[in-house]
Number of protein chains: 2
Amino acid sequence: MSGRAVTIAEVARHAGVAVSTVSYVLSGKRAISADTRRRVLDSVQMLGYHPNAGARALASRRANVIALVLPLRAGMHVPVLMQFATSVVTAARRYDHDVLLLTADEGSDGLRRAAASALVDGLVLMDVELHDDRVPFLRELAEPSVLIGFPADPSGLTCVDLDFTRAGALCVEHLAGLGHRKLALLGAPSVVYERGTGFARRTWEGFTEAVDRYGLTGVALPCEETFEEVAATVGGLLEHNPDLTALVVHNETAVNHVLGALRLYGRRVPEDVAVVAICPDDIAERSSPPLTSVLVPAEDVGREAVRLLMDKLEGRAVPEGTLLEPRLTTRGSTRPDPA
Amino acid sequence: MSGRAVTIAEVARHAGVAVSTVSYVLSGKRAISADTRRRVLDSVQMLGYHPNAGARALASRRANVIALVLPLRAGMHVPVLMQFATSVVTAARRYDHDVLLLTADEGSDGLRRAAASALVDGLVLMDVELHDDRVPFLRELAEPSVLIGFPADPSGLTCVDLDFTRAGALCVEHLAGLGHRKLALLGAPSVVYERGTGFARRTWEGFTEAVDRYGLTGVALPCEETFEEVAATVGGLLEHNPDLTALVVHNETAVNHVLGALRLYGRRVPEDVAVVAICPDDIAERSSPPLTSVLVPAEDVGREAVRLLMDKLEGRAVPEGTLLEPRLTTRGSTRPDPA
DNA sequence: CCCCGTTGTCGAAGCGCTTCGACGCTCACC
DNA sequence: GGTGAGCGTCGAAGCGCTTCGACAACGGGG
């Protein structure tokens with residue numbers, strides 16, 4: 001543990017073989033007799049050998065590290081970010097890679113630094129915005145990258161995300177199936193739309209498109225995140241749309257405030273108003289009543305992003321865009337329209 | 001950008017000096033004439049040279065990377081974790097270090113791997129529990145580490161945290177100063193206390209101690225996180241303690257439910273019940289009314305952890321325990337007791 | 001005027017690993 | 001019995017950097 005670290009040379013000596021043989025045993029890049037392999041592996045075990053990452057990176061021109069670039073400011077809900085991060089780490093470990101954490105506030109320079117110094121072999125960027133400075137840079141970069149989220153022009157890139165358009169539509173389909181005719185979407189705070197964050201817009205479009213397709217009436221509004229603003233929005237909505245029977249909420253922070261506001265205005269969920277949320281499962285489950293929801297499959301997206309990056313690292317071709325199919329879970333907040 | 005990377009040898013050739021001279025210019029470890037320095041720096045600029053991290057690590061026996069170990073499951077509020085993480089990254093960058101992200105689910109083995117392979121020079125562990133498996137391991141480890149949070153026995157380690165005992169006491173002092181005589185603490189979910197998470201207990205102790213010291217009456221309860229459980233807890237509390245005028249809430253997730261429950265029971269904040277929260281500022285500000293709060297200074301804790309780790313890496317002595325002083329911000333949820 | 005301490009620079013020896021080419025075997029095949 | 005194709009192993013050449021010791025060149029003090 002302490003003192004000088006064990007080197008491959010010591011393992012070789014201990015096992016009575018050449019250094020290169022140890023290397024080949026460990027990498028499996030050449031055939032080695034079962035007998036020799038055993039001896040080497042035993043020595044590795046015995047001496048507690050761990051290959052030096054720097055030396056390995058230098059010689060093999062592969063750091064076995066990928067970068068995970070966090071968004072500067074969360075356009076998405078923070079716990080979801082965290083789920084992404086841990087799922088990326090877990091997935092990367094399965095490919096024997098580690099994860100270097102970068103924040104977006106270094107901008108493209110940070111990415112260049114990490115890539116040019118061969119600190120990392122590839123990059124995963126989270127929460128990419130529609131018009132992101134780093135996108136042109138990534139196109140030029142020799143190191144492969146995968147984006148979580150879609151920029152306005154995804155050509156020449158590799159992007160993964162939940163299919164938010166489908167998610168918005170799915171909510172409408174569920175509600176339409178229950179007989180609701182008049183729906184509303186409460187979305188992200190308006191600043192998020194102005195910033196051009198893709199997922200918020202895409203949900204909005206999916207909602208609108210499905211409402212039209214089913215011949216329903218629907219209204220979509222941005223939604224701020226303090227209780228008072230939410231209450232005002234919900235109040236206005238109910239007042240102007242007395243026949244409203246269903247709400248789609250795509251705003252993790254506000255969703256509990258929405259339920260609070262409905263309580264405040266004496267509307268029961270789901271008897272008077274049905275609610276579908278697009279949010280992580282834990283929020284949906286912890287609400288009262290538990291919410292029918294379409295979850296953001298952070299886990300899956302992270303894993304998929306890593307898989308795509310590994311494919312690119314191996315030189316395999318990958319699709320430009322990967323959209324993950326949303327799944328809706330029915331819980332207590334939706335029920336056939338009583339009307 | 002693409003093609004082979006620029007090496008120090010190319011810089012040296014371009015500047016007409018020896019490789020070692022370039023190295024010394026860049027590291028500043030030997031005196032170099034202003035003239036030579038200029039030439040070298042120009043060449044670096046011109047060629048877009050970035051030292052190869054692996055080679056540097058190999059030769060200097062310093063990776064210039066530290067590990068950040070995320071908790072397996074959040075005992076603390078997730079957004080706070082994220083703040084920690086970004087502040088650690090930002091602070092590390094100021095010392096010219098990068099951050100490798102590890103999850104706790106690899107346990108001690110993961111730490112050993114990262115340390116033994118010289119991937120990282122030191123470790124920062126988040127959300128350490130009172131009886132953490134990794135603690136004995138860290139004591140033995142040659143690489144220095146800093147813990148965020150205190151284990152039961154912090155001897156031989158370096159730990160940083162907010163002084164939660166003081167935070168609990170500070171809330172009581174604030175309320176006592178406003179004339180409140182009968183207080184309650186709503187804490188973390190009971191499972192957190194059972195798990196032996198230090199910060200939850202310490203707040204509890206600080207609260208209790210200060211209540212005694214001021215000769216007040218106080219009751220402390222764990223608090224679950226669904227609206228219904230919170231409402232039940234708050235309801236029971238109000239019923240059994242009709243003279244209760246103040247609440248301390250140390251549970252970021254539940255705090256909005258607490259406010260909702262108080263609304264539900266017709267108690268106005270702060271007229272009927274004063275509320276002090278221990279939570280991040282953004283939650284306190286976004287509540288209605290905005291909450292008087294003691295914030296968890298994630299930013300400061302992360303920065304301090306990195307500073308301590310850098311000190312250890314340089315061989316400087318550091319204190320075993322560092323407690324950060326809490327600060328209370330008065331907002332709309334507390335006001336002199338009307339009684 | 002000589003010697004020695006500074007200052008600035010260079011060359012070369014690693015750091016610990018991967019990988020390439022070489023080489024000695026064994027064995028199947030004709 | 002000769003030949004060629006694996007198979008298993010070895011030695012050595014780097015990978016790109018840091019750092020140590022050496023050494024000119026230059027002054028200042030005796």
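All figures in this text were calculated on a predicted structure; none of them were measured in a lab. Here is how names work: the chains are called A, B, and so on, in the same order as the sequence lines, proteins then strands, and each is numbered from 1.
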Minimum-distance pair of heavy atoms, taken over all atoms of B/V99 and B/A92 = CG2-CB, 3.7 Å

Would you mind reporting whether A/I148 and A/L125 have side-chain heavy atoms less than 4.5 Å apart?
-> no

Nucleic acid contacts of residues 20-40 of chain B, taken as heavy-atom distances under 4.0 Å to DNA chain C | B/S20, B/T21, B/Y24, B/R30, B/A31, B/I32, B/S33, B/T36

Please list, chain by chain and in numerical order, all residues satisfying salt bridge (charged side-chain N to carboxylate O under 4.0 Å, His left out) with B/D163, sequence neighbours excluded.
-> none

Hey, can you pull the donor-acceptor pairs under 3.5 Å for the side chains in residues 60-70 of chain B, sequence neighbours left out?
residue	atom	partner	partner atom	Å
B/S60	OG	B/R56	O	2.6
B/S60	OG	B/R62	N	3.4
B/S60	OG	B/R62	O	3.4
B/R62	NH1	B/D121	OD2	3.1
B/N64	ND2	B/D96	O	3.2

Is A/S117 reaching over with its side chain to a backbone N or O of A/R113, donor-acceptor style, under 3.5 angstrom?
-> yes

Residue pair B/F150 / B/V128, side-chain heavy-atom distance below 4.5 Å | no

Sub-4.5 Å side-chain heavy-atom contact between B/V146 and B/C159 = no

Kindly write out the residues that satisfy side-chain hydrogen bond (donor to acceptor under 3.5 Å, both in side chains) with B/E304, not counting sequence neighbours, or none if the list is empty.
-> B/R307

Start and end of chain B contact along DNA chain C [non-hydrogen atoms, under 4.0 Å] = C/dG8 to C/dG16

Sub-4.5 Å side-chain heavy-atom contact between B/P297 and B/L162 = yes

Indicate yes or no: at least one non-hydrogen side-chain atom of B/Y49 is less than 4.5 angstrom from one of B/L26.
-> yes

Taking side chain as C-beta onward, heavy atoms only, is B/L147 less than 4.5 Å from B/L123?
-> no

Residues of residues 53-61 of chain B with a heavy atom under 4.0 Å from any atom of DNA chain C, listed by number, are B/L58, B/A59, B/R61

Hey, can you pull the donor-acceptor pairs under 3.5 Å for the side chains in residues 316-325 of chain B, sequence neighbours left out?
residue	atom	partner	partner atom	Å
B/R316	NE	B/D311	OD1	3.0
B/R316	NH2	B/D311	OD1	2.9
B/E320	OE2	B/G156	N	2.9

Sub-3.5 Å donor-acceptor pair from the side chain of A/R39 to the main-chain atoms of A/A15, do we have one?
-> yes

List in numerical order all residues of residues 8-15 of chain B for which some heavy atom is under 4.0 Å away from an atom belonging to DNA chain D.
-> B/I8

For B/V19, answer base if it contacts any base atom (sugar-phosphate contacts may also be present), sugar-phosphate if it contacts only those atoms, and nothing otherwise; contact means non-hydrogen atoms under 4.0 Å.
-> base

When the rotation axes relating C1' atoms of four end pairs to the next four are compared across the helix from C/dC1-D/dG30 to C/dC30-D/dG1, five pairs an end, they differ to 10° by 50°

Sequence neighbours excluded - salt bridge (charged side-chain N to carboxylate O under 4.0 Å, His left out) pairs with any residue from residues 147-160 of chain B = B/R139-B/D153

Nucleotide N/O to protein N/O under 3.5 Å, stretch nucleotides 25-27 of chain D:
none

Looking at B/A305 and B/V124, what are the two nearest heavy atoms and their distance?
-> CB-CG1, 4.3 Å

Pairs in or reaching into residues 21-30 of chain A: which pass side chain to side chain donor-acceptor pair (under 3.5 Å), with residues at least two apart or in two chains?
-> none

Do we see a donor-acceptor contact under 3.5 Å between the side chains of A/S33 and A/D35?
-> no

